Amino acid sequence: SKNSLNVSKKNSFRRFTKLKPDYIIHCAALVNADLCEKKKRLAKENIFNGTKNIIQFAKKNKSKIFYPQSFLIYKSSNKKVDENTLPKPLSVYGKYKLKSEQFLLKSYKNSLIVRMGGLFGGEKIDNNFVGKITQHISKLIKSGIKELEIGDRIWQPTYTDDLAYNSLILLAKKKDGVYNMASIGSCSFFTLTKKIIEYLKLSKKIRIKKNY
């Protein structure tokens with residue numbers, strides 16, 4: 001847990017010297033992109049320095065590192081991206097996630113990086129678009145606000161369980177390097193939000209407007 005291991009602090013790893021893991025699933029990061037903009041130093045400590053410490057720990061134990069990567073390493077665009085698309089992060093969070101990936105590839109070959117398209121799932125603990133927009137809609141309705149503007153950026157809503165399962169397959173096949181992973185289908189944030197409203201039968205309580 002976060003209380004047991006702070007990856008940004010080298011001393012935190014001392015209590016795990018006897019662990020010697022075969023695999024390290026490195027999910028630790030300051031995942032709140034807005035907070036990263038406000039606290040850049042904290043973002044660097046958690047995301048980049050934390051990754052460097054994980055690599056040192058992995059080298060001592062010859063552990064395989066699995067690094068889930070964010071699609072926020074790419075710039076905002078409706079164009080298709082693949083493993084050869086040049087990342088251009090527009091945020092502090094994306095910047096340090098990409099920097100961590102590059103450092104990992106350069107310094108530790110026994111690693112697997114999966115760049116994950118718009119993941120969702122987990123209901124209340126979902127900190128991505130679906131989780132945030134459903135909570136936001138709830139607050140707007142409670143406040144009496146009856147309209148919400150949403151952009152039309154194209155997105156690939158990908159179920160977290162599917163990402164996890166496919167990542168385990170890559171690990172089982174002893175794959176290394178970088179993979180992009182997302183659902184086959186795609187839609188805009190606007191279309192997805194409209195579907196959420198329809199599914200929850202909230203059309204009479206709030207209207208979704210496209211923000212061009």
Side-chain angles (χ1 to χ4, degrees), residues 2 5-10 12-13 21-37 39-77 79-121 127-129 153 155-160 162-183:
K2 293 178 182 178
L5 176 62
N6 182 344
V7 295
S8 66
K9 307 293 183 183
K10 289 183 180 180
S12 291
F13 290 85
D22 296 310
Y23 298 90
I24 297 173
I25 302 175
H26 175 31
C27 299
L30 190 65
V31 295
N32 187 325
D34 294 331
L35 183 60
C36 288
E37 294 295 327
K39 298 188 176 182
K40 296 180 176 63
R41 184 176 176 180
L42 183 64
K44 182 180 180 181
E45 289 176 356
N46 277 265
I47 301 170
F48 183 62
N49 294 350
T51 299
K52 290 202 295 185
N53 291 335
I54 286 285
I55 292 170
Q56 286 185 3
F57 182 70
K59 284 181 176 179
K60 291 178 182 178
N61 299 288
K62 297 181 180 179
S63 309
K64 175 112 178 181
I65 295 178
F66 171 66
Y67 190 57
Q69 181 58 288
S70 170
F71 73 96
L72 290 176
I73 62 170
Y74 296 108
K75 65 179 181 179
S76 178
S77 172
K79 293 181 180 179
K80 291 183 178 180
V81 300
D82 59 23
E83 289 83 354
N84 297 314
T85 304
L86 184 65
K88 290 185 179 180
L90 300 177
S91 65
V92 170
Y93 174 73
K95 171 188 169 183
Y96 284 122
K97 285 288 287 181
L98 178 59
K99 194 174 179 181
S100 298
E101 174 187 304
Q102 292 169 336
F103 188 82
L104 181 57
L105 288 170
K106 182 180 178 181
S107 60
Y108 197 60
K109 291 183 179 180
N110 192 18
S111 58
L112 171 66
I113 296 160
V114 177
R115 297 169 175 171
M116 300 181 172
L119 61 160
F120 75 93
N127 290 318
N128 295 287
F129 181 77
R153 178 180 173 180
W155 195 56
Q156 286 181 279
T158 311
Y159 191 40
T160 307
D162 293 337
L163 288 164
Y165 179 75
N166 287 322
S167 296
L168 287 173
I169 291 174
L170 290 176
L171 287 170
K173 290 180 176 291
K174 299 181 179 180
K175 298 294 184 179
D176 297 317
V178 178
Y179 289 79
N180 280 18
M181 191 184 294
S183 64

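Residue numbers run from 1 in the order of the sequence given. All values reported here derive from a predicted model rather than from experimental measurement.
Contacts of F66 classified as ring pair (Phe, Tyr, Trp, His ring centres under 6.0 Å), with partners at least two apart in sequence or in another chain: none. Partners of Y179 by ring pair (Phe, Tyr, Trp, His ring centres under 6.0 Å), not counting sequence neighbours: none found. Residues that satisfy the side chain to side chain contact (heavy atoms under 4.5 Å, CB included) test with F71, not counting sequence neighbours, are R153, W155. With sequence neighbours excluded, the residues satisfying side chain to side chain contact (heavy atoms under 4.5 Å, CB included) with E37 are S91, V92. Under the rule for a ring pair (Phe, Tyr, Trp, His ring centres under 6.0 Å), Y23 has no partner lying at least two apart in sequence or in another chain.
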Practice task
Test I169 against Y165 for side-chain contact (heavy atoms from CB on, under 4.5 Å), laying out the working first.
Solution key: CA-CA 6 Å; I169 291 174; Y165 179 75; 3.5 Å; yes
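A salt bridge links R41 to E45: one of the charged nitrogens lies within less than 4.0 Å of a carboxylate oxygen.
Using a 4.5 Å heavy-atom cutoff, the side chains of P21 and F57 are in contact. Taking the side chain as every heavy atom from C-beta outward, V178 and E101 approach each other to under 4.5 Å. Y67 places a side-chain heavy atom less than 4.5 Å from the side chain of K97. Proximity of K109 to D176: side-chain heavy atoms (C-beta onward) are nowhere separated by under 4.5 Å. Residues M181 and L170 are in side-chain contact: their nearest non-hydrogen atoms beyond the backbone lie under 4.5 Å apart.
A pairwise comparison of heavy atoms in E83 and R115 identifies O-NH1, 3.6 Å as the closest pair.
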Give the table of side-chain donor-acceptor pairs shorter than 3.5 Å for residues 27-34, with sequence neighbours excluded, one pair per line with atom names and distance.
| unit_1 | atom_1 | unit_2 | atom_2 | d |
| --- | --- | --- | --- | --- |
| N32 | OD1 | D34 | N | 3.1 |
| N32 | OD1 | L35 | N | 3.0 |

